[in-house]
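The structure under discussion appears below in the form of structure tokens.
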Amino acid sequence: MIKIYHNPRCSKSREGLTILENSGKDFEIIKYLETIPSEKELFTIIQKLGITPIQLVRKNEKIWKELFKGKELSDIEIVHAMIENPKLIERPIIINKNKAVIGRPSENINNIL
């Protein structure tokens with residue numbers, strides 16, 4: 001089943017949701033600010049995206065700038081920062097089986113449908 005890690009307040013995330021709705025495929029919505037991914041889930045997502053943890057971080061968020069910017073952090077520390085502050089997680093994330101994309105730009109989503 002396709003999953004979307006979604007933030008309803010984010011326009012890009014809403015665009016991603018619309019693409020999935022229009023695809024006619026079944027999918028699950030995970031509102032990750034309410035249902036925060038576990039450490040294991042985040043590492044799985046990162047692996048499916050084929051990126052490093054820092055590449056999943058929204059570096060322009062105030063929380064990042066105030067608490068983490070300029071610090072040398074390990075991958076596990078970065079993942080823990082995202083778990084403690086889920087606003088830091090890039091969005092939307094769409095997963096289809098063993099592949100995943102960040103829906104920025106939203107056209108990326110079509111690559112895994």
If we ignore hydrogens and angles and just use 3.5 Å, is the side chain of [X] paired with the main-chain N or O of [Y] as donor and acceptor?
{"X": "Asn96", "Y": "Ile112", "value": "yes"}
{"X": "Lys59", "Y": "Lys65", "value": "no"}
{"X": "Asn108", "Y": "Ile102", "value": "yes"}
{"X": "Lys48", "Y": "Lys97", "value": "yes"}
{"X": "Glu77", "Y": "Ser74", "value": "yes"}

Quiz item: Is the closest side-chain donor-acceptor distance between Gln55 and Thr52 under 3.5 Å?
Solution: yes

Spacing of [atom1] belonging to [X] relative to [atom2] belonging to [Y], to within rounding of 0.5 Å:
{"X": "His6", "Y": "Ile94", "atom1": "NE2", "atom2": "CD1", "value": "10.0 Å"}
{"X": "Leu113", "Y": "Lys99", "atom1": "CG", "atom2": "NZ", "value": "11.0 Å"}
{"X": "Leu42", "Y": "Gln47", "atom1": "CG", "atom2": "CD", "value": "13.0 Å"}

Practice problem: Would you indicate whether the side-chain heavy atoms of Pro8 and Lys31 approach each other to under 4.5 Å? | Solution: yes

What closest approach, in Å, do [X] and [Y] show between heavy atoms, and which atom pair accounts for it?
{"X": "Ile95", "Y": "Ala100", "value": "CG1-CB, 3.7 Å"}
{"X": "Phe68", "Y": "Ile63", "value": "CD1-O, 3.9 Å"}
{"X": "Ser13", "Y": "Tyr5", "value": "OG-O, 4.2 Å"}

Quiz item: Taking it one step at a time, do Val79 and Leu56 satisfy side chain to side chain contact (heavy atoms under 4.5 Å, CB included)?
Solution: CA-CA 9 Å; Val79 166; Leu56 191 58; over 6 Å; no

Considering only distance and modelled atom types, tabulate donor-acceptor pairs under 3.5 Å from the side chains of residues 20-30, sequence neighbours left out.
residue : atom : partner : partner atom : Å
Asn22   : ND2  : Thr18   : O            : 3.3
Ser23   : OG   : Leu20   : O            : 2.6
Ser23   : OG   : Lys25   : N            : 3.1

Compile the donor-acceptor pairs under 3.5 Å between side chains in residues 82-93 and protein atoms, sequence neighbours left out, one pair per line.
residue : atom : partner : partner atom : Å
Asn85   : ND2  : Ala81   : O            : 3.1
Glu90   : OE1  : Arg58   : NH1          : 3.4
Glu90   : OE1  : Arg104  : NE           : 3.1
Arg91   : NH1  : Tyr32   : OH           : 3.4

